[in-house]
Amino acid sequence: MHYSRYENALTHYLILLEQEPHNVDYLYNSAVAEMTLGQYENANTRFLAVLAHNPNHFETLYNLGLLASRRKDAKHVSIKYLSCALTVKPND
């Protein structure tokens, strides 16, 4: 991921998720890769899985807000997630 090789990273994270399907780091990183690659539905599903394990995962809340904007979801969806992110880290 650090070298912007998102397709490669996603492949590896999907393999890791087969072994540990509830690993929050793997779920989050695969979602980031999918979002970057334009796979918005998959990214959304994985981000929501992260929140199921950790409802206050700041980065996930932030990215769900961005994702809602990219997907042209209702404006209130984006605002909801970004507001939640600010609740978790008000000074960010």
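- At a threshold of 4.5 Å between non-hydrogen side-chain atoms, the residues Leu61 and Val88 count as touching.
- Cluster membership for Val50 and Leu37, using ILVMFWY side-chain heavy atoms within less than 4.5 angstrom, is shared.
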Quick one, Phe47 with Met35, criterion side chain to side chain contact (heavy atoms under 4.5 Å, CB included). Give me CA distance, side-chain angles, the key distance, then yes/no. CA-CA 10 Å; Phe47 282 136; Met35 185 170 82; 4.0 Å; yes
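- Distance check, rounded to the nearest 0.5 Å: CG of Leu86 to CZ of Phe58 gives 7.0 Å.
- If you take CG on Asn44 and CD on Gln39, they are separated by 13.0 Å, rounding to the nearest 0.5 Å.
- Glu34 has its side chain out of reach of Thr45: every pair of non-hydrogen atoms, C-beta onward, lies at least 4.5 Å apart.
- To the nearest 0.5 Å, atom CD of residue Glu41 and atom CG of residue Leu67 are 8.0 Å apart.
- A side-chain donor-acceptor contact under 3.5 Å links Ser78 to the backbone of Gly65.
- Atom-to-atom distance recorded for Asn63:CG and Arg46:CZ is 14.5 Å, nearest 0.5 angstrom.
- Contact between Ser30 and Tyr13 at its shortest, heavy atoms only, is CB-CB, 3.8 Å.
- Atoms CG and NE2, from Leu27 and His57 in turn, are 9.5 Å apart once rounded to the nearest 0.5 Å.
- In terms of hydrophobic clustering, with Ile, Leu, Val, Met, Phe, Trp and Tyr side chains grouped at heavy-atom distances under 4.5 Å, Tyr28 and Leu48 are assigned to a common cluster.
- The OH atom of Tyr26 sits 12.5 Å away from atom NE2 of His12, with the distance rounded to the nearest 0.5 Å.
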Show your reasoning for whether side chain to side chain contact (heavy atoms under 4.5 Å, CB included) applies to Leu64 and Leu51. CA-CA 10 Å; Leu64 277 167; Leu51 289 185; 3.4 Å; yes
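- Closest non-hydrogen pair, His53 versus Ala49, comes out as CD2-O, 3.0 Å.
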